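Since we're looking at a predicted model, the values are computed, not measured.
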Amino acid sequence: MNGRILLIEDEAGLARFLELDLKHEGFDVHVCADGREGLELALSEQWDLILLDVMLPRLNGMEVCRRIRAAKSTPIIMITARDSVFDRVMGLDNGADDYIVKPFAIEELLARIRALFRRVHPEANAQVLTFKDLVVDVQARTVKKGDEFIELTKREYDLLVAFMQNINVVLTRDALLDKVWGFDAEVETNVVDVYVRYLRQKLDEHDKERYIQTVRGTGYVMRP
């Protein structure tokens, strides 16, 4: 998974824990601990998801949620210690897309994020991925460049799919390691550079970065 997440949470320990785990999953995470500042950030910038605590200084999460929803359709998951039906209903009525109660396991939050993204971005689950003249049939695990089938190894294929499911998203080497090799794989990040080079040799022409572009100091991106 990936995308930009705004985490509005004033409990420093929880905020740091969530920030690290979400970054490990490949997300770009920005944290703020103030309801009013969080509202300003939510309205002034583009986010793929907002994780919003209820009890916040200066402006409570319910009001923040209501004001965001009045202006934007950014997905919102409320995070709170309140578990009453009334509180859950209030959060959803104010525009939240989902609600998770503290304490929770990070696996549950990630599952809720995945489910929300499937609803909001159904194209991410498409069985046929396209970029320029590349066509990947996910179910058949085939890759075509124009009218020509391209033979890829499993790692090369998985790497290509990771890029094509995240057009315009800069993926760090660590994020690509997690997606393609697994978070517990005992390999160095430079293996990503090696496999990107392999892919380019099979896809590009005359050493041009036509498909996968390098973002210096960060990672790689497929960008039209």
Q: Report yes if the side chains of W47 and L7 come closer than 4.5 Å at any heavy-atom pair, otherwise no.
A: no
Q: Not counting sequence neighbours, which residues clear salt bridge (charged side-chain N to carboxylate O under 4.0 Å, His left out) with D137? List them please.
A: none
Q | Residues K144, E148: salt bridge by 4.0 Å N-O rule | A | no
(Q) Closer than 4.0 angstrom, basic N to acidic O: yes or no for D93 and R66? (A) no
Q. Less than 4.5 Å apart, any side-chain heavy atom of I5 and any of D48?
A. no
Q) Listed by chain and number, what are the side chain to side chain contact (heavy atoms under 4.5 Å, CB included) partners of V221, not counting sequence neighbours? A) V170, Q213, V215, R223
Q) Closest heavy-atom contact between A175 and G26? A) CB-CA, 3.9 Å
Q.
If you define the side chain from C-beta out and look only at heavy atoms, does anything of I79 sit under 4.5 Å from F104?
A. yes
Q) Looking at side-chain heavy atoms only, is the closest gap between L49 and F117 below 4.5 Å? A) yes
Q.
Whether R58 and D34 form a salt bridge (side-chain N of Lys/Arg under 4.0 Å from carboxylate O of Asp/Glu) is what I want to check.
A. yes
**Q.** For the student: nearest non-hydrogen atoms of A96 and C65, plus distance
**A.** N-SG, 3.5 Å
Q: Look up atom CZ in R114 and atom CG in L110, then write down how far apart they are to the nearest 0.5 Å.
A: 6.0 Å
(Q) Given 3.5 Å as the limit, does a donor-acceptor pair link the side chain of K145 with the main chain of I150, or not? (A) no
Q: Would you please name every residue forming a side chain to side chain contact (heavy atoms under 4.5 Å, CB included) with M164, sequence neighbours left out?
A: L129, F131, L134, V136, L160, M222
Q: Output all residues satisfying side chain to side chain donor-acceptor pair (under 3.5 Å) with D193, sequence neighbours left out; order by chain, then residue number.
A: R173, Y220
Q | CG on L109 to CG on L18, rounded to 0.5 Å | A | 6.5 Å
**Q.** Between CD1 on residue I113 and CG on residue L22, distance to nearest 0.5 Å
**A.** 5.5 Å
Q. Quick one: ring pair (Phe, Tyr, Trp, His ring centres under 6.0 Å) partners of Y195, sequence neighbours excluded?
A. W181, Y198
Q) Is there a donor-acceptor contact under 3.5 Å from the side chain of N94 to the main chain of M90? A) yes
Q. Considering residues at least two apart in sequence or located in another chain, which fulfil the side chain to side chain contact (heavy atoms under 4.5 Å, CB included) criterion with F17?
A. L14, D21, I106
**Q.** Residue pair D10 / P57: nearest heavy atoms and the distance that separates them
**A.** OD2-CD, 3.6 Å
(Q) Just verifying a value: how many Å separate L199 CG and Q201 CD, rounded to the nearest 0.5 Å? (A) 9.5 Å
Q) Which atom pair, heavy atoms only, marks the closest approach of P224 to N168? A) CD-OD1, 3.4 Å
(Q) If I compare all heavy atoms of V180 with all of A162, which pair ends up nearest, and what's the gap? (A) CG2-CB, 4.5 Å
(Q) Do F149 and V143 have side chains that approach each other closer than 4.5 Å (heavy atoms only, starting at C-beta)? (A) no
Q: Look up atom CG in L171 and atom CZ in F163, then write down how far apart they are to the nearest 0.5 Å.
A: 6.0 Å
Q) With the 4.5 Å side-chain cut-off for hydrophobic clustering, are V194 and Y157 part of the same group? A) yes
**Q.** Hydrophobic cluster identity match, I167 and V196, side-chain contacts under 4.5 Å
**A.** yes
Q. Checking E156 side chain against T153 main chain: does a donor-acceptor pair fall under 3.5 Å?
A. yes
Q. From L176 CG over to L159 CG, what is the distance, rounded to the nearest 0.5 angstrom?
A. 6.0 Å
Q) Do V54 and M62 touch side chain to side chain, with heavy atoms closer than 4.5 Å? A) yes
Distance-only check: which donor-acceptor pairs under 3.5 Å involve side-chain atoms of residues 37-44, not counting sequence neighbours?
residue : atom : partner : partner atom : Å
S44     : OG   : E40     : O            : 2.8

Q: Name all residues meeting the salt bridge (charged side-chain N to carboxylate O under 4.0 Å, His left out) criterion together with R112; count only those two or more places apart in sequence or in a different chain, and write none if there are none.
A: D98, E108
Q: Determine whether V64 and L92 fall in the same hydrophobic cluster, where Ile, Leu, Val, Met, Phe, Trp and Tyr are linked whenever their side-chain heavy atoms lie under 4.5 Å apart.
A: no
Q) Side chain of E11, backbone of G13: donor and acceptor closer than 3.5 Å? A) no
Q. Residues two or more places apart in sequence or in another chain: which of them pass side chain to side chain donor-acceptor pair (under 3.5 Å) with R36?
A. none
Q: Apply side chain to side chain donor-acceptor pair (under 3.5 Å) to E45 and list each qualifying residue two or more places apart in sequence or on a separate chain.
A: R4
Q. Looking at side-chain heavy atoms only, is the closest gap between K102 and T80 below 4.5 Å?
A. no
Q) For the side chain of K132 and the backbone of R210, is there at least one donor-acceptor N/O pair under 3.5 Å apart? A) yes
Q.
I'd like to know whether CD of E151 has more than 12 heavy-atom contacts from other residues, nucleotides or ligands below 6.0 angstrom.
A. no
Q. Below 4.5 Å, heavy atoms only, C-beta onward: do I8 and L51 meet side chain to side chain?
A. no
Q. For R69, what residues pass the side chain to side chain donor-acceptor pair (under 3.5 Å) criterion, not counting sequence neighbours?
A. D97
**Q.** side chain to side chain contact (heavy atoms under 4.5 Å, CB included) involving P103 - partner list, sequence neighbours excluded
**A.** none
